[in-house]
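The structure under discussion appears below in the form of structure tokens.
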Amino acid sequence: MSATASAPPRSHFPAAEQFLYLDAAHQTPLSVPVRNALDAFYDEALESAGPKKRWLARLTDVRARLAAFLGVDVDEIAFTKNTSEGINIAAHGLHVEPGDNVLLLEGEHPNVAYAWLNRQPDGLEVRMVPQDGRKKWADADTFAAYVDDRTRAIALSHVMFHNGQRNDVAGIARLARAHGAEVVVDAMQSVGVLDVDARALGASVLAAGCHKGLLVPQGLGLLCTPYGAKGLRPTYMALAGVADPDEHVVVGAGRVEPRGDARRFEIGNFNLPAIHALAAALDLIEGLGVRDIERHVLDLGDHLIAHLDDLGIALVGPREREHRSHIHVLDLPASRWAGFLAAEGARLSSVRDGIRISFGLYNNAEDVDRLAALLRRGLRTLPHRAAVR
């Protein structure tokens, strides 16, 4: 990975040097540039008593940068708290009538599913679509037998948290549009790690949090509407989302008209520290190049898979580069392996299908080799039945 930044990417992440950090799909460790941006914000608040106009001007700049990063227009970006808020805005903003349906993959992230299940009292049918066991990713063929003219949306993750599969969102979007349906995408596990062009994906709505691939602390998310926001009714309304508010901030009893762009979903009082930190994170990501970051984490995956093949450990998700991501789930029972690996200083996650390894831009081949050495030791020392399935 070629970096134009002044220092190698790993040097920006002290935690990556302290222990074996393989948990980017949970959250990424704080980087020095992001920490410095947060400190600068709080210093400014301390010394200048909150220069709000200046802060909001910076927010406008970051919104424009984020739009360019995702390949959309600036009026197609709204700031949210997290992915779940964005998915709920889409689920509750979409007009549905009794008998309409939405399609979800079986095993989808709960916070994708709950948003749509919560609309069942409105008569929305939630169809859980099984995944073809012969392949380990979803595409248009996965949904084709379940979609019909009452399908209002297909909702799915771009990258699945529990096995790392990268779904063919663009192909699924073409199928959905042929039936007049929308596509709502959870991009939490792809934005900042993979080269995501929201418009090219064909997503009607794309939602993500910023504490993983976008490298900022929790509490900031984004909502992207590449094909316009007017088809979604705002779930709630505040001054920030109103079209042409009264200049004296006087409200009458007339009809409330929301903005025509994605900002209709914002309710003000932004997470300004995190937005300012996002500017520093984008500097770091763009300095390295997101395509190079994607190539880097996939290369690390190739290196890991070679070790797994040598050790006889199966991968739960896909092996093909075009169908996987930075997430690799090992077919090992978490009940024994998670404690063993944690005791050896490895930070990773247990998921429903095994042990999840997830790479960030700060990881390197030596990290993979260290993990392989731990796995080899575990295969020798853990009880055989607990070591592998």
**Study point:** Crowding at CG, Asp43 (>12 non-hydrogen neighbours, <6.0 Å)
**Key:** yes

Practice item. For Asp369 and His307, test the side chains for any donor-to-acceptor distance below 3.5 angstrom and give the result as yes or no. Key: yes

Exercise for review: Indicate if Leu104 and Tyr114 have the same hydrophobic cluster label, given that clusters are the connected sets of ILVMFWY residues with side-chain heavy-atom separations under 4.5 angstrom.
Suggested key: yes

Check your understanding: Would Gln165 and Gln131 count as having a side-chain donor-acceptor pair, cut-off 3.5 Å?
Key -> yes

Exercise for review: May I ask whether Ile87 and Val129 are part of the same hydrophobic cluster, defined by side-chain heavy atoms of I, L, V, M, F, W, Y residues being less than 4.5 angstrom apart, directly or through others?
Suggested key: no

Practice item. Just do the side-chain contact (heavy atoms from CB on, under 4.5 Å) check on Val242 and Glu257 with the steps written out, would you? Key: CA-CA 6 Å; Val242 175; Glu257 185 64 33; 5.9 Å; no

Review point. At what distance, to the nearest 0.5 angstrom, does OH of Tyr146 lie from CG of Leu175?
Key: 13.0 Å

**Study point:** Same apolar cluster: Trp337 and Ile357, side chain cutoff 4.5 Å
**Key:** yes

Exercise for review: Drop me the distance from Leu124's CG to Asn118's CG, to the nearest 0.5 angstrom.
Suggested key: 10.5 Å

Check your understanding: Is there a side-chain hydrogen bond (donor to acceptor under 3.5 Å, both in side chains) between Thr83 and Asp186 once you walk through the steps?
Key -> CA-CA 7 Å; Thr83 315; Asp186 174 348; 4.5 Å; no

Point to revise | Arg152/Glu97 ion pair, N-O < 4.0 Å | key: no

Practice item. For Ser48 and Ala45, indicate whether the former's side chain and the latter's backbone hold a donor-acceptor pair under 3.5 Å. Key: no

Practice item. Please report the closest heavy-atom contact between Phe69 and Glu286, naming both atoms and the distance. Key: CD1-OE2, 3.8 Å

**Study point:** Glu44-Trp55 side chain donor-acceptor pair, cut-off 3.5 Å
**Key:** yes

**Study point:** His179 side chain vs Ala181 backbone, donor-acceptor pair below 3.5 Å
**Key:** no

Check your understanding: Are Leu332 and Phe340 connected in a single hydrophobic cluster, I mean Ile/Leu/Val/Met/Phe/Trp/Tyr linked by side-chain heavy atoms less than 4.5 Å apart?
Key -> yes

Exercise for review: Output yes when a side-chain donor or acceptor of Asn167 lies under 3.5 Å from a complementary backbone atom of Ala138, and no otherwise.
Suggested key: yes

Exercise for review: Mind checking the CG-SG spacing from Leu66 to Cys210? Nearest 0.5 Å is all I need.
Suggested key: 6.5 Å

Study note, to complete from the structure: Sorted by chain and residue number, the side chain to side chain contact (heavy atoms under 4.5 Å, CB included) partners of Arg63 (sequence neighbours excluded) come out as Leu59, Val74, Ile77, Phe79, Arg263, Glu266, Phe270

Review point. Are Val196 and Met188 connected in the hydrophobic side-chain network, where two residues link if heavy atoms are under 4.5 Å apart?
Key: no

Check your understanding: For Gly202, does its backbone N or O pair with a side-chain atom of Arg177 as donor and acceptor, under 3.5 Å?
Key -> yes

Check your understanding: Got a donor-acceptor contact below 3.5 angstrom from the Ser84 side chain to the Asn111 backbone?
Key -> no

Under 3.5 Å, sequence neighbours excluded: what are the donor-acceptor pairs made by side chains of residues 213-233?
| unit_1 | atom_1 | unit_2 | atom_2 | d |
| --- | --- | --- | --- | --- |
| Gln218 | NE2 | Gln27 | OE1 | 2.5 |
| Tyr227 | OH | Arg199 | O | 2.8 |

Exercise for review: Mind checking ring pair (Phe, Tyr, Trp, His ring centres under 6.0 Å) for Phe265 and listing every partner two or more places apart, or none if nothing turns up?
Suggested key: none

Review point. Any idea how Phe19 and Tyr21 line up, ring-wise: parallel (<30°), tilted (30 to 60°), or perpendicular (>60°)?
Key: tilted

**Study point:** Between NE2 on residue His328 and CG on residue Leu371, distance to nearest 0.5 Å
**Key:** 11.5 Å

Check your understanding: Would a line drawn from the ring center of His296 to the ring center of Phe359 be shorter than 6.0 Å?
Key -> no

Check your understanding: For the residue pair His326 and Ala24, what are the closest heavy atoms and their distance?
Key -> CD2-CB, 4.3 Å

Check your understanding: Salt bridge check: are Asp283 and Arg65 linked by an N-O gap of less than 4.0 Å?
Key -> yes

**Study point:** Atom of Asp195, atom of Glu294 and distance for their closest heavy-atom approach
**Key:** N-OE1, 2.7 Å

Practice item. May I ask you to check whether Asp148 and Asn101 show a side-chain donor-acceptor distance below 3.5 Å? Key: yes

Exercise for review: For the pair Asp367 (side chain) and Asn364 (backbone), establish whether a donor and an acceptor sit closer than 3.5 Å, ignoring hydrogens and angles.
Suggested key: yes

**Study point:** Carboxylate-amine/guanidinium contact Arg319 Asp302, below 4.0 Å
**Key:** no

**Study point:** Rounded distance (nearest 0.5 Å) linking atom CD1 of Ile89 with atom CZ of Arg264
**Key:** 11.5 Å

Study note, to complete from the structure: Closest non-hydrogen contact found for Pro14 with Leu30 is CD-O, 4.1 Å

Review point. Taking all atoms of both residues into account, what is the closest heavy-atom pair of Ala140 and Gly171, and its distance?
Key: CB-O, 3.6 Å

Review point. Can you check whether His323's main-chain N or O pairs, donor with acceptor, with Arg166's side chain at less than 3.5 Å?
Key: no

Exercise for review: Please test Arg10 against Glu17 for salt bridge (Lys or Arg N to Asp or Glu O under 4.0 Å), starting from the C-alpha separation and ending with a verdict.
Suggested key: CA-CA 8 Å; Arg10 190 176 178 92; Glu17 297 289 357; 3.2 Å; yes

Practice item. Flag the pair Arg35 and Asp39 as a salt bridge only when some basic side-chain nitrogen lies within less than 4.0 angstrom of an acidic carboxylate oxygen. Key: yes

Review point. Does Asp299 come within less than 4.0 Å of Arg321, counting only side-chain N to carboxylate O?
Key: yes

**Study point:** Leu315 and Asp331: CA distance, side-chain angles, deciding distance, side-chain contact (heavy atoms from CB on, under 4.5 Å) verdict
**Key:** CA-CA 6 Å; Leu315 194 67; Asp331 189 18; over 6 Å; no

Practice item. Check whether any side-chain heavy atom of Val126 sits under 4.5 Å from a side-chain heavy atom of Arg119, and report yes or no. Key: no

Point to revise | Donor-acceptor side-chain pairing of Ser190 and His158 below 3.5 angstrom | key: yes

Exercise for review: Go through Arg377 and Glu344 one step at a time and tell me if the salt bridge (Lys or Arg N to Asp or Glu O under 4.0 Å) criterion holds.
Suggested key: CA-CA 11 Å; Arg377 189 187 314 160; Glu344 296 292 336; 2.9 Å; yes

Review point. side-chain contact (heavy atoms from CB on, under 4.5 Å) between Val329 and Ile327: does it pass, once the steps are laid out?
Key: CA-CA 7 Å; Val329 177; Ile327 299 172; 4.2 Å; yes

Review point. Any salt bridge between Lys135 and Asp168, counting N to O under 4.0 Å?
Key: no

Practice item. Locate the shortest heavy-atom distance separating Asn88 from Thr235; write the atom from each residue and the value. Key: O-OG1, 4.1 Å

Review point. Hey, are Glu108 and Ser157 close enough side-chain-wise for a donor-acceptor pair under 3.5 Å?
Key: yes

Practice item. Salt-bridge test for Asp61 and Arg58: reply yes if a basic N is under 4.0 Å from a carboxylate O, no otherwise. Key: no

Review point. Does Ala306 offer a backbone N or O that forms a donor-acceptor pair with the side chain of Asp309 under 3.5 Å?
Key: no

Check your understanding: Do the charged groups of Asp261 and Arg259 touch, with an N to O distance under 4.0 Å?
Key -> yes

Review point. Looking at CG of Leu20 and CD of Glu366, how far apart are the two atoms once the value is rounded to the nearest 0.5 Å?
Key: 11.5 Å

Check your understanding: Run the side-chain contact (heavy atoms from CB on, under 4.5 Å) check on Asn363 and Val297 step by step: do they pass?
Key -> CA-CA 8 Å; Asn363 288 120; Val297 296; over 6 Å; no

Check your understanding: Looking only at atom types and distance, does a side-chain atom of Asp73 sit under 3.5 Å from a main-chain N or O of Glu76, one as donor and one as acceptor?
Key -> no

Review point. With a cut-off of 6.0 Å (strictly less than), are more than 12 heavy atoms of other residues, nucleotides or ligands near CZ of Arg291?
Key: no

